[in-house]
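Have a look at the structure below, then the notes.
Note: hydrogens, waters and symmetry copies are ignored here, and every other heavy atom, side chains too, is used. Letters A, B, ... mirror the listed sequences (proteins, then strands); counts begin at 1. Please read these numbers as outputs of a predicted model, since none were measured by experiment.
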Amino acid sequence: MPSDFEPITLTGSAEDDISLLDIIDHVLNAGVVIHGSLVISVAGVDLVYLGLNVVLTSVETALRNLRLQDTNEKDTSEKNAMPEGR
Amino acid sequence: MRRVLAYCGFLHGQGTTTPETGVDNSAVSPLAYDRLRLLWSEVEWPFEQGKLQQSAVDFHRVIEHVFRQVAVVPFRLLSVFDDLASLEKFAAEHVAGFVADLERLRDMVQMEAVVYVIAPRAIPNSDSGRAYLEQKAGMLRFAESHAATVREAIQQVSREVHIRQVKSGMRIFALVQRGNEARFRDMVGSVPLPDGVSRRVSGPWPAAEFLSSAVKMPEIAGQR
């Protein structure tokens, strides 16, 4: 079982396709979780945690922040005209 | 080191196809246990730095391939087994829960609507922190109320709805009959979007939010 504390980087940014963030969010956060330990950094922010569950929660937070950043940028230029859909 | 990466579980059915390759171009194989099929690959672990994004897409592609045909129970990407024997042991221990969930969620998909509050900007003076937090709390209540309105609007098409608060808004998960995805979108779209709130619908996804807790976080012998 993984006890490997190797850092993994998600190279996300506000410019990335939102559906890619959706995919990453879902494959990391949704479904059956088997234990593990990892160090992950998302968009250059190091997230150092021991338990996989805690890491996943933090990834959710990081992805949400990226989404918000993306949303805010779109809102600035489109005045709340966010399209709905995947 | 090599590890066994599990993608998803589904019920054996005639004509269900599976992809040939998965993460890092590895061969995808089915593990059969009673009516349950678990798709798995042998992969190099941990994933190479910088490749996780591609691995996530590959992983998603495998699950999506099956999910387009039947209900699936997805595993999370960063969950791996020591070897095939461990996965076989896992399947033997948890087959009943997987089959029960897959039966219950047969023909169902998960649709999501995320309601974000457009965050107010902090004013850079000594009193701004409190004002900012109060404003933000008010906006969150606003999002909560909007989420409740959305919940009402989608009730007709949703067997079950879960709402979870996220940092700057609310995330709504709905269990919807396969084929009703467009109706779900229309119903969410029919709710007027108030100023200061942004909303996004996504799906269909595997109904992971609606898995039983024993399947979602299975107890494994010898595990902390």
Under 4.5 Å, counting heavy-atom pairs only, tell me which of V73(B), V215(B), I63(B), L211(B) racks up the most with chain A.
V215(B)
Side chains of E209(B) and N29(A): closer than 4.5 Å at any heavy-atom pair?
no
For the residue pair F75(B) and V27(A), establish whether any side-chain heavy-atom pair is separated by less than 4.5 Å.
no
Considering residues at least two apart in sequence or located in another chain, which fulfil the side-chain contact (heavy atoms from CB on, under 4.5 Å) criterion with A91(B)?
L31(B), Y33(B), L38(B)
Quickly, which of I24(A), L28(A), I23(A) forms a side chain to side chain contact (heavy atoms under 4.5 Å, CB included) with L77(B)? Name it, please.
L28(A)
Locate the shortest heavy-atom distance separating G31(A) from A208(B); write the atom from each residue and the value.
N-CB, 3.6 Å
Quick one: does P74(B)'s side chain get under 4.5 Å of V32(A)'s, heavy atoms only?
no
Kindly determine whether H26(A) and Q110(B) satisfy side-chain hydrogen bond (donor to acceptor under 3.5 Å, both in side chains), including the steps that lead there.
CA-CA 12 Å; H26(A) 278 81; Q110(B) 178 174 309; 4.5 Å; no
